[in-house]
Enquirer: 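Below is a structure I'd like to ask you about.
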Protein chains: 2
Amino acid sequence: MNFMTENQPKKPSKSDRTRAQILEAARLLFAEHGYDGASIRDVAAHASIDPAMVIRYFRSKDELFARAAVVDLQLPALRAIDRNTIGETLIRRFLEIWEGPASGPGMAILLRSATSNEFAAEKLRDVFGHQVRPVVAAVADPADAGRRAGLVSSQLLGLAMCRYLLRLPPVVALSHDEIIQNVGPILQRYAVGENVS
Amino acid sequence: MNFMTENQPKKPSKSDRTRAQILEAARLLFAEHGYDGASIRDVAAHASIDPAMVIRYFRSKDELFARAAVVDLQLPALRAIDRNTIGETLIRRFLEIWEGPASGPGMAILLRSATSNEFAAEKLRDVFGHQVRPVVAAVADPADAGRRAGLVSSQLLGLAMCRYLLRLPPVVALSHDEIIQNVGPILQRYAVGENVS
DNA sequence: TCCATTTGTCAACAGCCGTTGACTTTCTAA
DNA sequence: TTAGAAAGTCAACGGCTGTTGACAAATGGA
């Protein structure tokens, strides 16, 4: 191990390219077939590499999944949030995350496996706690932030499930504008609207 | 095969009990660990039976899953629906389905596996098309029924995901009343409220 | 050029899976 | 009581899985 090049991003050595190829193939297959459904042999074949190399570069399938399941929602900075348009802001960002050209399949990876893989579930709860919750907390009474963020997440995860994983035809058919105009106000209400008990 | 007793519910023969035990164990394990996560050997052990018996009674794992994944939401009869309270009606029924003492784990079975098992996904789309959609169609313009039912389902599936499968703490902590009062109006709006484009 | 490190190939391992068939035990009807 | 069907047991199969170690090729600095 050459520890000197550890922090120097100068070296795009051959191994780095292979490593990236494996990770890209893994992200694609994990997103499409879930943790159990995507075998190491599948990933290797998709990256035109030997299965043993996958283990060499990432120590195990679990570690490969952990590396592949990194999610950064890049939600707006807390200071820049307008509480009057938080609902629309969230649903627009949601569409970028799931359909935007620059976004990877990070959320699909987590959501696809979260129902049958405890690590993925924990990671998803983590995304909620560290990325979604703070945004809601910035516009609502902190005492309510958890409940409000939970309701927001239930709507957004449900929409993602129906549109991208389950592919429920009427939900797939919705245009971006329809989604924004129908779901935006709901998120607005969950985040800062009237609430109960 | 004794075809004469086929339609006579008189005979609780030994085999019928075993068959029921296997099915119950299967429903429990499929609901908890998903299709891939629940092996036939697990089901057999849980039913205190030999794995070969599972195959004898149900011809294959796929067929066992198909028998276990039967869902009847028992939504209100179409004629009996009040369009002014459809939102509250739906969310109350939702809580009964998922937490009521008489309800089985049917929906959990489907939802747990729908992200990585195409049969479960298709079955879930079927429940939407044949059980949820007609109810919404009974209270809304039939031309909009699909879209409206889709939005309703996105909220309900998302809530189920967060509360029962992902177990997001703030969503688990919600009381029945909180859920009814927060989500009910949303479903009401999706089902019969103002809509766009 | 030469050698050491890196990168890649190949075959095999142990384990779990769904499924099968041969066998024994238990029950039931005549 | 006895023959035959039903119910249950057991060991094994082929296949796929993650993972490993021994070996070969390629690479790059001296």
Enquirer: Rounded off to whole Å, could you give me the CG-to-C1' distance for the B/D62 and C/dG18 pair?
Expert: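 The answer, rounded to whole Å, is 10 Å.
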Enquirer: Given C/dG8, D/dG8, D/dG18, which nucleotide is nearest the side-chain atoms of B/R56?
Expert: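 Nucleotide nearest to B/R56's side chain: D/dG8.
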Enquirer: Picking from C/dT20, C/dG8, D/dT9, which would you name as closest to the side chain of B/M53?
Expert: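 Of the options given, the side chain of B/M53 lies nearest D/dT9.
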Enquirer: Could you check whether B/F58 gets within reach of a base, just the sugar-phosphate, or nothing at all, counting any heavy atom under 4.0 Å?
Expert: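 If one applies the 4.0 Å heavy-atom cut-off, B/F58 turns out to touch nothing in the nucleic acid.
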Enquirer: Roughly, in whole Å, what's the span from CG in B/D16 to P in C/dT28?
Expert: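 Spelled out: CG on B/D16 to P on C/dT28 is 13 Å.
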Enquirer: Is the shortest distance from a Lys or Arg side-chain nitrogen in A/K123 or A/E118 to a carboxylate oxygen in the other one below 4.0 Å?
Expert: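 Result for this pair is no, no salt bridge flagged.
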Enquirer: Is A/S60 close enough to D/dG18 that one of its side-chain N or O atoms is under 4.0 Å from OP1 or OP2 there?
Expert: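 Checking A/S60 against D/dG18: no side-chain N or O falls below 4.0 Å of OP1 or OP2.
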Enquirer: Validate the cation-pi geometry between A/R19 and A/F58: distance from NZ or CZ to the six-membered ring centre under 6.0 Å, angle to the ring axis within 45°.
Expert: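 Judged by the rule (NZ or CZ under 6.0 Å from the ring centre, within 45° of its axis), A/R19 counts as positioned above A/F58.
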Enquirer: Could you give the CD1-to-P distance, from B/I55 to D/dC10, as a whole number of Å?
Expert: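 So the CD1-P distance, B/I55 to D/dC10, works out to 18 Å.
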Enquirer: Is the NZ or CZ atom of B/R112 both under 6.0 Å from the centre of the six-membered ring of B/Y164 and within 45° of that ring's axis?
Expert: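 So B/R112 doesn't make the cation-pi contact.
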Enquirer: Hey, is A/E96 close enough to A/R92 for a salt bridge, meaning N to O under 4.0 Å?
Expert: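 Salt bridge: no.
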Enquirer: Please pick, from D/dT19, D/dT20, C/dG18, the nucleotide with the shortest atom-to-atom distance to any side-chain atom of A/A52.
Expert: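 Looking only at side-chain atoms, A/A52 lies closest to D/dT20.
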Enquirer: So, OP1 or OP2 of C/dT7: does either fall under 4.0 Å of a side-chain N or O from A/S15?
Expert: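 Affirmative; the distance criterion is met.
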Enquirer: Would you work out how much the helix from C/dC2-D/dG29 to C/dA30-D/dT1 bends between its ends, with each end axis defined by five base pairs, to 10 degrees?
Expert: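 Roughly 0° between the end axes, to the nearest 10°.
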Enquirer: Quick one: B/K61 NZ to C/dC17 P, roughly how many Å, whole number?
Expert: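 Nearest whole value for this atom pair: 8 Å.
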Enquirer: Please state how far atom CZ in B/R59 lies from atom P in C/dG21, giving the value in whole angstrom units.
Expert: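 One finds 12 Å between P of C/dG21 and CZ of B/R59, rounded.
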Enquirer: What is the distance, to the nearest angstrom, from the OH atom on A/Y57 to the C1' atom on C/dT6?
Expert: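 About 8 Å, once rounded to whole Å.
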Enquirer: I would like to know whether B/R133 and B/R148 meet side chain to side chain contact (heavy atoms under 4.5 Å, CB included); could you show each step before the answer?
Expert: CA-CA 8 Å; B/R133 199 181 202 277; B/R148 289 182 179 279; over 6 Å; no
Enquirer: For A/S153, check side chain to side chain contact (heavy atoms under 4.5 Å, CB included) against everything at least two apart and list the hits.
Expert: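 Here the qualifying residues are A/F128, A/V132, B/L168.
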Enquirer: Return the orientation label for the A/F30 and A/Y35 ring planes: parallel under 30°, perpendicular over 60°, tilted otherwise.
Expert: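 The arrangement is parallel - the two ring planes meet at less than 30°.
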Enquirer: Between C1' on C/dG18 and CZ on B/F65, what's the gap in Å once rounded to a whole number?
Expert: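 From B/F65 CZ to C/dG18 C1': 16 Å.
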Enquirer: Return the residues of residues 27-50 of chain B meeting this criterion: a heavy atom under 4.0 Å from some atom of DNA chain D. Order them by number, or give none.
Expert: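 The answer is B/R41, B/D50.
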Enquirer: Salt-bridge test for B/R17 and B/E24: reply yes if a basic N is under 4.0 Å from a carboxylate O, no otherwise.
Expert: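 Salt bridge: no.
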Enquirer: Testing B/I180, B/I86, B/I186, B/N182 one by one against B/I91 for a side chain to side chain contact (heavy atoms under 4.5 Å, CB included), which residue passes?
Expert: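 Among B/I180, B/I86, B/I186, B/N182, the one that satisfies the side chain to side chain contact (heavy atoms under 4.5 Å, CB included) with B/I91 is B/I180.
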Enquirer: If only side-chain N and O atoms of A/T18 are considered, is one of them under 4.0 Å from the OP1 or OP2 phosphate oxygen of C/dG8?
Expert: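 The answer is yes; a side-chain N or O of A/T18 sits under 4.0 Å from OP1 or OP2.
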